[in-house]
Amino acid sequence: MIGIALAIAPIFLMILLGYGLRRGGIPSAEFWNLNDRLVYWVLMPALFFRQISTADLGAEPLGPYATALCAGFFAATAFGFFGARAAGYTPQVASSVVQGAARFNTFVALAIAEALHGAPGLQLAVLAAALLVPVVNVTIVTLLTMMLREDGSNVVLATLRDLVRNPLILSIAAGLVANFAGLGGLPVVDETAGLLGAAALPVMLLCVGANLKVRGMRTALGPVAWASVGKLAVFPVVMALSLALFPPGAMAAEVALIYGALPTGVAAYTLARAMGGDAPLMAAIITVQTGLAFVTIPLTLTLGGWLLGF
């Protein structure tokens, strides 16, 4: 556990650095807002495209890998949804609990996978994102529309349009097309995507920290705790059971567990605000889980390695 913690410590230091820089006004709030857009529209799509277009998609059994990832996600989603309903939370609070229990910070997953396993680990983490990003977006947006609907039809149409134009989904699709067509590794294109992708991980970790909102933590303890149990306990436990039943290989199992142990992604705050959810609660869930992840990620990977034998 100490070895894993030391390996991923620089990742969390980068997050803390991003938080400190933004709160100190260095260089400016506008700079961080523009960096968010740069990561989302340019750097991450380049990273996804290059990794997927050059991946050996037959090197690992993707069926068991995808099964474990989806099993954890849907179990955590159900835990958040039905738990929030049983607790009698308002639709706004419940929607943030669902997001907090089920969504994850892909940026941190990519960085940890590369820190632990180098380029092969990063490639597996990108493949996991390619499997989960469309599923997560469609599932979460559909649930939030059901829970918060007023003019639900308009929200659904607008969301579908956004999904079709989502740069991450588009880069995943383009990478798959290039891979199947044998066009991965094209001169100039591959090198350019590689340079942009190399910049993605450090910049996005700083942006993760810059987007943490400690002031938003003054909120109800119950919803924060329920969402955190769903994300940091239910998600990885169900995933570990699936990995034990359908083992995909040692490295793939560990990368899958990284996704299970991740805190909620900062994009959940944007979605909560856009769709009428409880945005301050969402900010609190993200911040608390990111703090807890300092401990839960090494613990989850250590226990997972012991139980699953990797």
Side-chain angles (χ1 to χ4, degrees), residues 60-87 89 91 93-106 108-109 113 124-149 156 159-160 163 166 168-169 172 223-248 252-265 267-268 271-272 275 277 282 285-286 289 293 296-297 300-301 303-304 307-308:
E60 295 282 350
L62 290 181
Y65 190 44
T67 298
L69 292 165
C70 290
F73 166 70
F74 284 115
T77 301
F79 180 86
F81 180 77
F82 291 111
R85 291 191 65 179
Y89 295 147
V93 170
S95 66
S96 291
V97 170
V98 170
Q99 285 207 89
R103 298 194 70 164
F104 45 84
N105 197 317
T106 306
V108 176
L124 276 170
V126 170
L127 286 176
L131 292 165
L132 280 176
V133 165
V135 173
V136 170
N137 277 278
V138 171
T139 302
I140 294 298
V141 168
T142 301
L143 277 176
L144 264 60
T145 300
M146 291 170 52
M147 299 167 77
L148 302 169
R149 62 184 171 207
V156 171
T159 300
L160 288 175
L163 289 175
N166 185 304
L168 300 184
I169 294 176
I172 290 167
V224 173
W226 191 263
S228 298
V229 170
K231 182 63 204 69
L232 303 177
V234 174
F235 202 129
V237 167
V238 172
M239 186 177 285
L241 292 174
S242 178
L243 292 169
L245 292 172
F246 310 104
E254 185 165 26
V255 173
L257 280 178
I258 290 171
Y259 274 88
L262 291 171
T264 301
L271 188 62
M275 295 191 68
M282 195 71 255
I285 291 171
I286 293 166
Q289 288 189 14
T296 59
I297 291 176
T300 298
L301 296 182
L303 291 176
L307 293 171
L308 300 173

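Computed from a predicted model, the values in this text were never measured in an experiment. No hydrogens, no waters, no symmetry mates; every other heavy atom, side chains included, goes into these values.
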Spacing of Leu245 atom CG and Thr67 atom OG1 [to the nearest 0.5 Å]
10.5 Å

Is there a donor-acceptor contact under 3.5 Å from the side chain of Tyr259 to the main chain of Ala125?
yes

Decide yes or no for Phe81 and Met147: does some side-chain heavy atom of the first lie under 4.5 Å from some side-chain heavy atom of the second?
yes

Does some side-chain heavy atom of Asn105 sit less than 4.5 Å from a side-chain heavy atom of Thr264?
no

Identify the heavy atoms of Ile285 and Ala227 that sit nearest to each other, and give their distance.
CD1-CB, 3.9 Å

Heavy atoms of Ile297 and Ala261 approach each other most closely as CG1-O, 3.5 Å

OG of Ser96 to CG of Leu144: how many Å apart, nearest 0.5 Å?
7.5 Å

Please state whether the rings of Trp226 and Phe79 are parallel, tilted or perpendicular, taking 30° and 60° as the class boundaries.
parallel

Give me the atom names and distance for the closest heavy-atom approach of Leu308 to Ala240.
CD2-O, 3.8 Å

For Asn137 and Arg103, what are the C-alpha separation, side-chain angles and deciding distance, and is it a side-chain contact (heavy atoms from CB on, under 4.5 Å)?
CA-CA 9 Å; Asn137 277 278; Arg103 298 194 70 164; 4.2 Å; yes

So, do Leu243 and Pro248 sit near enough that their side-chain heavy atoms are less than 4.5 Å apart?
yes

For Met239 and Leu69, work out which heavy atoms get closest and say how close.
CE-CA, 3.8 Å

How close do Thr300 and Leu257 get, counting heavy atoms only, and between which atoms?
CG2-O, 4.3 Å

I need the Leu127 CG to Leu132 CG distance, nearest 0.5 Å.
11.0 Å

With a 3.5 Å distance limit and no angle check, can you tell me whether Tyr65 reaches the backbone of Leu124 through a side-chain donor-acceptor pair?
yes

Looking only at atom types and distance, does a side-chain atom of Glu254 sit under 3.5 Å from a main-chain N or O of Leu301, one as donor and one as acceptor?
no

Smallest separation among heavy atoms of Ala109 and Ile258, with atom names:
CA-CG2, 3.9 Å

Are Pro223 and Tyr89 side-chain neighbours, meaning at least one heavy-atom pair lies under 4.5 Å?
yes

Which residue in the set Ile140, Val136, Leu143, Thr77 passes side-chain contact (heavy atoms from CB on, under 4.5 Å) when paired with Gln99?
Ile140

Are any side-chain N or O atoms of Lys231 and backbone N or O atoms of Ala76, one a donor and one an acceptor, separated by less than 3.5 Å?
no

